[in-house]
Amino acid sequence: MAFINPNLILLKILLFTFYGAFGCLMPFLTVHMMSIGLDINKITWINSILPLTSLVGPPLVGMLADRVGHYRLITVVCMLLSAILHTALLFVPSSKVTEFPSEVKCTPERAWLTVNACGEPCSDLPEYVSWHLNLSGCREDCNWPQQEPKTNREPTVEQDKGICSLTNTNRNQKSHLPFKFTRCNITCNFNVMRNASGPLHKHGCKIGTGNPDLTLWLYFGVRALSEMMSAILVSLLEAVALTMVHQHKGDYGREKMCGLIAVGIFSPLAGYLMDEKVGTFGEYNYAPAFYVFDGLMLVTAAVTFALPIEVQVQRRSLMKNISQLIRTAELSVLLFLMILLGTFWGYLKTFLYIYLNKLGASWLLIGLTVTVGIVPSLPFLYKSAAVVQYCGHHYLIMLAFLGYCIRFTGLSYIENPWWALPLESLELFSLNLMNVSAATLAYKLAPKSFVATAQALVWVSHFNIGRCLGTFIGGSVLGEHEGVKDGYVIVFQSLAVAAAICSAVYLGIHQFIKYRNSKRSIEPKPQPTRENGNIPNGHYTPLQVADERF
């Protein structure tokens, strides 16, 4: 059994409860947005703006520390505010739209049209003029003894050989409805009613409840404040972890593993409680996830009071040294790669859970997607230094692109949501090992006086800028497609191709640079003039020069 540093036990508990709390909500927030009536376009807008609000966190921490002068108090107050604000999301009033479709029903005896206009007058239908319907969502109900009833089948023109006369009993208008199974009933939704001069009536009607504008802006305001609190807490607790690890000679990566384990445990637990409707009331089916979140956040606040350390929070300007850092070509390329990978990650974290929900996934399954993305990563993170040394930074980043390619491709073809679990295990490469590789590579590339700023740039490029782009681009494509699942498939397949191209291009460029550097290293170099058999000061052999470079 590995030695456990007793001085870091409280830190382990702190990280376990803090990240476990956010693990309860992380998979369910986007689906909750849809449940209160926010459509894809509004969800896209909100999730595109939210990452920018977290940039306000670090300066706000410095301001609060200067004015209050008590780090522990600031941390606990932020935890309580985070719990209150996140729980307030549960009570944002919904503004739902209920759709009442119009239907065409055809039986062997007769056929009829039900136009649902929700009390509004229908379009005037001219008498004794043939009109046609564009049908969709046709359903068959066949009561044959030797055959099970068939449902959700949409006939095509080629399949329908017979004709059923459809009569509007009020106006004696007739249309031709394809009809083939003599013992079957057919019920269809119709999209548009047309005659020779054009459309006469659109299908169905929609009745809205609540105030859509109030729902949108109230949710956005509360969520923006809660995201800001989250960013502040992450920066504060990272300062705690780094300080304590340094003082007590611990391993930062192993301390962070406690947080990942908690996320893997509490995400499916919250999903299970929601499936079982434990403690739900009224329309608040998401309440169990918020219960666990609040409980863990209160435990985190209590542990913070018990921490035997006071951390002096220092304000750091993210923009102060950016201009000097981006002049380093290798670091600029790394930041660009982080933006690309963050784009893929942002789309998945925003829309994956909605997609699985549309496929019929249970809340337990949605929570398990987080777990299977973490559990395979734990042994690799425990030995992350050895893994990075063996594989190399650049090849791990290439594997991240390849991992996204496989994940997107698989998600575009699955029909059973349980197949998402093995695909989510690839987060080992696409996120966790990639983060370790990017952080250590940035440490090597940046001047030692700008290490903190370089790490902040890597974080912002992936989790803020990339997330904004992924949400905005993916959501814009989804909003242009009427069929939600079809829109998801198109985006998944497009992103799979983009990830494959990024991986191939990056591999090609890396191999070319590696080949060019190897050619340069074997070129003969002028030997320095020896004085009495010794090399003058400031002169090195080629081997010594190579050693200095490495």
Side-chain angles (χ1 to χ4, degrees), residues 14-15 17-27 29-30 33 45-68 71-89 219-243 252 256 259-260 262-263 293-294 296-297 300-301 304 311-320 322 335 338-339 342 345-346 349-350 431 435 438-439 452-471:
L14 178 75
L15 296 177
T17 56
F18 175 74
Y19 286 104
F22 283 95
C24 295
L25 297 182
M26 182 172 56
L29 285 176
T30 304
M33 294 168 71
W45 181 81
I46 290 175
N47 282 310
S48 298
I49 301 298
L50 283 178
L52 302 180
T53 63
S54 63
L55 297 177
V56 185
L60 185 59
V61 171
M63 182 185 69
L64 291 174
D66 286 342
R67 294 198 175 186
V68 179
Y71 167 80
R72 197 187 306 270
L73 177 62
I74 294 174
T75 306
V76 173
V77 169
C78 288
M79 288 177 181
L80 296 178
L81 287 175
S82 178
I84 293 172
L85 289 169
H86 278 92
T87 306
L89 296 174
Y219 184 91
F220 175 73
V222 176
R223 181 75 182 274
L225 291 174
S226 61
E227 290 276 336
M228 189 184 302
M229 289 298 107
S230 300
I232 292 173
L233 286 172
V234 169
S235 62
L236 289 171
L237 296 183
E238 287 296 310
V240 171
L242 289 170
T243 303
Y252 177 70
K256 291 281 289 184
L260 287 177
V263 173
F293 172 83
D294 291 338
L296 290 174
M297 194 59 69
T300 307
T304 302
V311 178
Q312 182 65 37
V313 179
Q314 299 179 359
R315 288 176 293 176
R316 297 184 183 273
S317 174
L318 181 62
M319 304 299 295
K320 185 176 180 180
I322 288 180
L335 296 179
M338 290 300 101
I339 292 175
W345 178 84
K349 289 305 170 186
T350 302
L431 183 64
N435 278 334
T453 306
Q455 296 297 324
L457 282 175
V458 170
W459 178 274
V460 168
S461 298
H462 186 275
F463 292 103
N464 294 91
I465 299 176
R467 178 182 169 188
C468 286
L469 291 175
T471 302

Would you be so kind as to tabulate the donor-acceptor pairs closer than 3.5 Å made by side chains of residues 456-466, with sequence neighbours excluded?
from	atom 1	to	atom 2	distance (Å)
Ser461	OG	Leu457	O	2.7
Asn464	ND2	Pro51	O	2.6
Asn464	ND2	Ser54	OG	2.7

Smallest separation among heavy atoms of Thr304 and Thr300, with atom names:
OG1-O, 2.8 Å
Mind checking whether His86 and Phe293 have parallel, tilted or perpendicular rings, split at 30° and 60°?
tilted
Which pair of non-hydrogen atoms, one from Met79 and one from Leu14, has the smallest distance, and what is that distance?
CE-CD1, 4.4 Å
Nearest-0.5 Å distance, CG of residue Asn435 to CE of residue Met338:
7.5 Å
Selection residues 455-470 - residue pairs positive for salt bridge (charged side-chain N to carboxylate O under 4.0 Å, His left out), sequence neighbours left out
none
Is it the case that the side chain of Ser82 and the backbone of Cys78 share a donor-acceptor pair, with hydrogens and angles ignored and the cut-off at 3.5 Å?
no
d(Leu29 CG, Ser226 OG) to nearest 0.5 Å is 8.0 Å
Carefully, step by step, assess Met229 and Leu80 under the rule side-chain contact (heavy atoms from CB on, under 4.5 Å).
CA-CA 10 Å; Met229 289 298 107; Leu80 296 178; over 6 Å; no
In the structure I gave you, are the side-chain heavy atoms of Val263 and Leu260 within less than 4.5 Å of one another anywhere?
no
For a quick check under 3.5 Å, do Thr350 and Thr471 share a side-chain donor-acceptor pair by atom type?
yes
Minimum heavy-atom separation for Gly23 and Pro27, please, with both atom names.
O-CD, 3.3 Å
d(Leu233 CG, Phe18 CZ) to nearest 0.5 Å is 5.0 Å
As an exercise, state the distance from CG of Leu81 to OG of Ser230, rounded to the nearest 0.5 Å.
11.0 Å
A side-chain contact here means heavy atoms from C-beta on lying under 4.5 Å apart; do Glu227 and Leu52 qualify?
no
Separation between CG of Leu25 and CG of Asp294, rounded to the nearest 0.5 Å:
8.0 Å
